[in-house]
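Have a look at the structure below, then the notes.
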Amino acid sequence: MQALIITIGDELLIGQTIDTNSAWMGQELNKLGIWVIERIAISDDKNHIIDTLEKNKNRADVILITGGLGPTKDDLTKHVLCEYFGGELIINDEILQHVTEIFSRRNLPMLEVNRQQAMMPNNCKALFNKLGTASGMQWQIPFADKVGQQFIISMPGVPFEMKYIMQTHVLPMLQGLSNTQVHHRTLVTAGIGESFLANKIKDWEEALPPQIKLAYLPAIGMVKLRLTTRGNLNETLEVALDKEFEALKILVKDYLFADNDEPLELTIGNLLLQNKATLSVAESCTGGFIASKIVSIAGSSKYFDGGVVSYSYRAKENLLGVNNQTLQTFGAVSEECVTEMCKGVLQKFNSTYGIAVSGIAGTDGGTDDKPVGTVWIAVGTANKIVAKKYLFSKDRFRNIELTYVYALKMLMEEIKK
Ligand code: ATP
Ligand code: MG
């Protein structure tokens, strides 16, 4: 099965909004074994929308469209699609009731343009949107030159509304139609570059059976390795996939962060939970980034005590008890300082593990012996603290993210000890 994605909105073309919708849809379709042949971004323009539909009407089994379903004049998609498929807009009572309820819940008057949100083309299937006023629409038309039907599905541009409609209506429908399946095994490595990793696993990679493909997916401070096989997962194929995955895990064991595709903060959270341990963080150069990542996981209150953002010397002294002498002698970006920060945060929060980071994120502030990108990270418990120095990059945001990845990697090593 093949799919094509069309995202509509002037804001996408001028880069004001980044098209995250098609990235997410691509991932979800891939899981169902549906191949995305093309992603197209176009403007809120009637002719442009019609042209794009005309050019693509026989090219894929499903065309997924997002954007332009709002109540304002610049949102044209519903009207254009309705006209294109020769339908007529009529009130849908269920949607009208839903839209009315939304406005009364918010204590807002309902305008005529809002009522129009309940107008649906009479020749499509309405895909009810519990989370917003713009419903999705689904047309099913025969292919002109091949057997079967083409689905054309239009959804709102707001990412969480699009995801809701995809998850409740579209993906279950497509799952029923797709006859191939894609199976993945993914692991996350941290602390080794892509080319070194490739070199390490070269022999194993060359010997992979042809039905199993390997992909390198580099991100900041990490490389994900994904094994994929397509087709009905019979026992032989599954055994082969798992065998290769286990072999790969052993080859990269020194850099292995997780043997699944979860975010790092979730893996760490689960590890802390399993060990009935708690964490606190003392952050200088990351300014709360680590704490914010940790609390992005629901249920993190079970293992995260809290953190201190100690940016200045004064904050390091007053909030974490770092010695003024230490700061004067070694500076804030030093083994001595992060070790004292870590000790301080462990005492303050009485947690099992502490993390402390201090570095020169950039873009200025570097010196010859401590250039931009120099970061000290300390991790430990009340009994023992280890500190390491890193030299990351020249880019401020990269340095903040790299500090976060390496701090979590050090913490993982400590917990596993
Ligand atoms: P609404 O009913 O909210 O008006 P809509 O279908 O008209 O929905 P748009 O007006 O096109 O949607 O976009 C609504 C919001 O969703 C905007 O903030 C827009 O930037 C964002 N958005 C639109 N398309 C995308 C996309 N492809 N990826 C990420 N965000 C998007
Ligand atoms: Mg729009």
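On a predicted model such as this, the values are computed, not experimentally measured, just so you know. When a ligand or atom number is given, it counts from 1 through the structure's own listing order.
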(message) Test of understanding: given a 4.0 Å heavy-atom threshold, classify the contact between T17 and ligand 1 as side chain, backbone, both, or neither.
(response) side chain

(message) For W24, I'd like to know if atom CH2 has over 12 heavy atoms of other residues, nucleotides or ligands within 6.0 Å.
(response) yes

(message) Quick check on side chain to side chain contact (heavy atoms under 4.5 Å, CB included): which of V308, L279, T278, V281 does F349 satisfy it with?
(response) V308

(request) Check whether any heavy atom of G9 sits under 4.0 Å from an atom of ligand 1. (result) no

(message) Below the 3.5 angstrom mark, is there an N/O of L69, backbone or side chain, next to an N/O of ligand 1?
(response) yes

(request) Return yes or no for this condition: an N or O of S22 is under 3.5 Å from an N or O of ligand 1. (result) no

(message) Which residue is it: K417, K416, K409? I am looking for the one with a salt bridge (Lys or Arg N to Asp or Glu O under 4.0 Å) to E413.
(response) K409

(message) Give the atom numbers and elements of ligand 1 that come within less than 4.0 Å of a heavy atom of G67.
(response) 6 (O), 11 (O)

(message) By the side-chain hydrogen bond (donor to acceptor under 3.5 Å, both in side chains) test, which pairs, at least two apart or in different chains, include something from residues 127-138?
(response) Q117-T133, N129-E161

(message) Any nitrogen or oxygen of G157 lying under 3.5 Å from a nitrogen or oxygen in ligand 1? Just yes or no.
(response) yes

(message) For the 3.5 Å polar cut-off, considering only N or O atoms, please tell me whether I8 and ligand 1 meet it.
(response) no

(request) Report the distance from atom CG of N275 to atom CD1 of I415, rounding to the nearest 0.5 Å. (result) 6.0 Å

(request) Could you note down all residue pairs passing salt bridge (charged side-chain N to carboxylate O under 4.0 Å, His left out) where residues 99-126 supplies at least one of them, sequence neighbours left out? (result) E112-R115

(message) Checking the side chain of K370 only, and the main-chain atoms of I360 only, is there a donor and an acceptor separated by less than 3.5 Å?
(response) no

(request) For atom 29 (C) of ligand 1, state which one of I5, V158, D44, T20 supplies the nearest heavy atom. (result) T20

(request) Quick one: look at P159 and ligand 1, take heavy-atom pairs under 4.0 Å, and tell me if it's side chain, backbone, both or neither. (result) side chain

(request) Scan H184, Q211, R185, H183 and name whichever one has a side-chain hydrogen bond (donor to acceptor under 3.5 Å, both in side chains) with T228. (result) H184

(request) Measure I18 to ligand 1 on non-hydrogen atoms and call it side chain, backbone, both or neither using the 4.0 Å cut-off. (result) backbone

(request) Could you see which bit of N21 sits under 4.0 Å from ligand 1, with heavy atoms only: side chain, backbone, both or neither? (result) both

(request) State which residue, out of Y255, F257, F392, fulfils the ring-ring contact (aromatic ring centres under 6.0 Å, His included) condition with Y406. (result) F392

(request) For ligand 1, note which part of D75 has a heavy atom under 4.0 Å away: side chain, backbone, both or neither. (result) side chain

(request) Determine yes or no for a side-chain-to-main-chain donor-acceptor pair under 3.5 angstrom, with H98 supplying the side chain and G132 the backbone. (result) yes

(message) Quick check on contacts: which atoms of ligand 1 are under 4.0 angstrom from a heavy atom of P156?
(response) 6 (O)

(message) Any nitrogen or oxygen of M155, side chain or backbone, less than 3.5 Å from one on ligand 1?
(response) no

(message) Using a 3.5 Å cut-off on N or O atoms only, is T133 in polar contact with ligand 1?
(response) no

(request) Answer yes or no: does an N/O atom from E161 fall short of 3.5 Å to an N/O atom of ligand 1? (result) no

